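Notes to accompany the following structure.
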Amino acid sequence: MNREKAWIWFKGGLKGGSWEGGFIASKSEEGGYIIEKSDFVKCRLPDWRVKLEEPTDINHPPEIPENALWKYQ
């Protein structure tokens, strides 16, 4: 499994959301990415919430699929 630096999209309520850096992501065999950070619970997220390159605008949202899952169980 390749571990890569990653930025994760978080909902921001009234502020609209932003990309947060400092995560390590590994592609999951079940789909999506396993993300890790020392002050965050390790979990598996869908591809659309993960960027492996630094976003040019941290407030520009990804294309969010209709009825999107935000986190896998």
Side-chain angles (χ1 to χ4, degrees):
M1 243 190 263
N2 287 344
R3 295 167 43 97
E4 301 183 58
K5 291 181 182 180
W7 287 260
I8 309 302
W9 179 257
F10 286 94
K11 295 187 231 185
L14 297 175
K15 294 184 179 183
S18 65
W19 291 101
E20 300 289 333
F23 288 87
I24 299 296
S26 305
K27 195 70 173 157
S28 171
E29 292 179 9
E30 293 86 22
Y33 287 89
I34 304 286
I35 61 160
E36 301 175 69
K37 187 175 179 181
S38 63
D39 60 346
F40 193 82
V41 176
K42 180 178 173 180
C43 64
R44 185 166 61 99
L45 300 178
D47 292 345
W48 67 266
R49 282 192 66 194
V50 180
K51 273 193 180 263
L52 301 179
E53 296 177 2
E54 185 172 0
T56 54
D57 180 353
I58 64 167
N59 296 312
H60 187 269
E63 188 171 316
I64 301 172
E66 191 172 324
N67 299 320
L69 287 175
W70 284 74
K71 178 179 169 184
Y72 295 116
Q73 299 297 327

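On a predicted model such as this, the values are computed, not experimentally measured, just so you know.
Here the CD1 atom belonging to I8 is positioned 4.0 Å from the CD1 atom belonging to I35, to the nearest 0.5 angstrom. To the nearest 0.5 Å, atoms CD1 (I34) and OG (S26) are separated by 7.5 Å.
The number of heavy atoms from other shown groups lying within 6.0 Å of CG (N67) does not exceed 12.
E4 meets the salt bridge (charged side-chain N to carboxylate O under 4.0 Å, His left out) test with no other residue; sequence neighbours excluded. In this structure, the side chain to side chain contact (heavy atoms under 4.5 Å, CB included) partners of K11, at least two apart in sequence or on a different chain, are W70. Residues forming a side chain to side chain contact (heavy atoms under 4.5 Å, CB included) with Y72 (at least two apart in sequence, or on another chain): R44, P46, L69. The ring pair (Phe, Tyr, Trp, His ring centres under 6.0 Å) search around W19 returns W9, not counting sequence neighbours.
Scanning all heavy atoms of the two residues, the minimum distance from K37 to G22 falls at CG-O, 3.6 Å.
Classification of the F10-F23 ring pair by plane angle, with boundaries at 30° and 60°, yields tilted.
The side-chain hydrogen bond (donor to acceptor under 3.5 Å, both in side chains) pairs that include a residue from residues 47-63 are K27-D47, where partners are two or more places apart or lie in different chains.
Linking Ile, Leu, Val, Met, Phe, Trp and Tyr whenever their side-chain heavy atoms come within less than 4.5 Å puts I58 and W7 in one cluster.
Connectivity analysis of hydrophobic side chains (ILVMFWY, heavy atoms under 4.5 Å, direct or indirect) links I24 to nothing; its cluster partners are none.
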